[in-house]
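For reference, the structure discussed in these notes is given below.
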Amino acid sequence: MLTVSDLHKSFGDSEILRGIDIEIEKGEVIAVIGPSGSGKTTMLRCISFLEKADSGRMEFKCCDDEAKVETYDMHHASPAEIRRIRRHMGFVFQSFNLFQNRTALGNVMEGLVTGLKMNKSEAEEISRKMLAKVGLAERADYYPGELSGGQQQRVAIARALALDPDIMLFDEPTSALDPELTREVLDTIRELASEGTTMLVVTHEMNFAREVAGRVLFMEDGVIVEQGAPAQIFDAPEQERTREFLRRAK
Amino acid sequence: MSDRLVDILLTSFTKILIPGIKVTIPLTVLSFAVSLVLGLLLALVLVAKIPVLKTIAFIYIWIFRGTPLIVQLFIIFFGLPGLGIMIEAFPAAVLAFGLNLAAYNAEVFRSAIDAIPTGQMEAAYMVGLSYPQAMTRIVLPQAFKIAFPSLFNNLISLLKDTSLASSITVVELFTSAQQIAARTYEPFALYCEAALIYLVFSTVLTWLQSWLESKLVWKSRDDKNMTAKGRTKSMVGL
């Protein structure tokens, strides 16, 4: 469904991404693991065009109809093209980034009302449904500052889901949370996985990656070192670098 | 205090207060409105880093912050007629105060916008908002809350600075006090009286500020979510 090829990105002199190729099929749950500074987050930010890649191509196929394939030059994409590709994506940030001047409900409605020009009552209905889905129906009228980190992240997930994206991108969604709150967010993501939501999840939660992902990518120094089924990556990694990382992660 | 002085103070009180209400306050409000609109535009140009316009905004702020207000006032009222541009005293004062304060408010707005985490903008982009939408709906309301105390500070300064308009023939609060002082030879009493009226005006503004700030809080109306001190309790778990 989503294909990224030959993605490169440097910040100043340091090359963060050195040719990344990913292919994501509809319904797949992919976990991206790797040491800090390996480029996981930068990759996700380039895919969502929050960072401008130095080079790279992106292809989005909504269905089997070849005529509807969208292709993007990841360096030269125009603002209109970027908005178009983002329509397919939902993004969940490490630091939640809920709109501080909106209630939980307002956060979820914003994209529907302002982005998609949906009428308010319809948007509210969808938004309440999404909040209920992440277990926060009764927190609809609370502002972000009045919610716990775990609740904020679940509102952020509802906000992304409300726009009915083709793929959900998660950037270390639990790194800012303590273990107790991490669990409630991971439960929510696990539920999405069971419903067949396509997801690309950058995470440090190895157990979660093993349990929920259909495929695990191991990244180091700006390249994908190894990928495969969780059982293969965690129990029988082929690359020495993967083995080394997993040893340290334990 | 002699009876004569008491009499002068009492009869002059309304003669100072009325120009204060009729001239000083409209002068302050109009100038502040000009400074808010222009200041916000300058800040948006600076934040969006629009080429050319950004340089113009920078030069504008440099000049208006770097020269005395009374000199700017004199250039507009006494100087511009030399170039064939005649502006009456009151509009000239509004223009001078508005243009001057815009430079300060631009910096207030700019730093407030800069204080909003970039994640707010990014989240807005990811739910499909354009730059102007993200700016007006998400970033500016939050920035305004941060800017508010500084803007109000500038408003109180402006209220007092409008007394400079007396030097370009605007008959406002201080001009009236000057005229009465010259007639009665009681400058000490009259200027103290003028000071008192300015103090009353700025005290009202200070009250207004605290009241408005209390309205500028994003909080649900759920009392159960409050601590004993009336602060919002952060919720843990469900």
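The chains referred to below are lettered A, B, ... by the order of the sequence lines, with proteins before strands, and numbering in each begins at 1.
Only the side chain of A/F93 comes within less than 4.5 Å of a heavy atom in chain B; its backbone stays farther off. For A/T103, no part lies under 4.5 angstrom from a heavy atom of chain B. Proximity to chain A involves both the backbone and the side chain of B/S130, based on heavy atoms less than 4.5 angstrom apart. With a threshold of 4.5 angstrom between heavy atoms, A/S95 does not approach chain B through any atom at all.
The existence of a salt bridge linking A/E110 and B/R137 is confirmed by a sub-4.0 Å separation between a basic side-chain nitrogen and an acidic carboxylate oxygen.
Closest of all the heavy-atom pairs between A/N101 and B/I138 is ND2-O, 3.8 Å. The minimum heavy-atom distance between B/W218 and A/Q100, with the atom names listed, is CE3-O, 3.7 Å. For the pair A/E146 and B/K219, the tightest heavy-atom approach, listed with the atom from each and the gap, is OE2-CG, 3.2 Å.
When atom types are taken as modelled, the side chain of B/Q133 and the backbone of A/G115 share no donor-acceptor pair closer than 3.5 angstrom.
Using a 4.5 Å cut-off on side-chain heavy atoms (C-beta onward), A/R83 and B/Y125 make no contact.
Heavy atoms of other residues, nucleotides or ligands lying less than 6.0 angstrom from NZ of B/K145 number more than 12.
The candidate with the highest count of non-hydrogen atom pairs below 4.5 Å against chain B, out of A/L116, A/L98, A/I82, is A/L98. Of the residues considered (A/R45, A/R87, A/M89), A/R45 shows the highest number of contacts with chain B, using heavy-atom pairs under 4.5 Å.
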With side chain to side chain contact (heavy atoms under 4.5 Å, CB included) as the criterion, how do B/V139 and A/F99 come out once you've worked through the C-alpha distance, each side chain's angles and the decisive distance to 0.1 Å? CA-CA 9 Å; B/V139 175; A/F99 305 133; over 6 Å; no

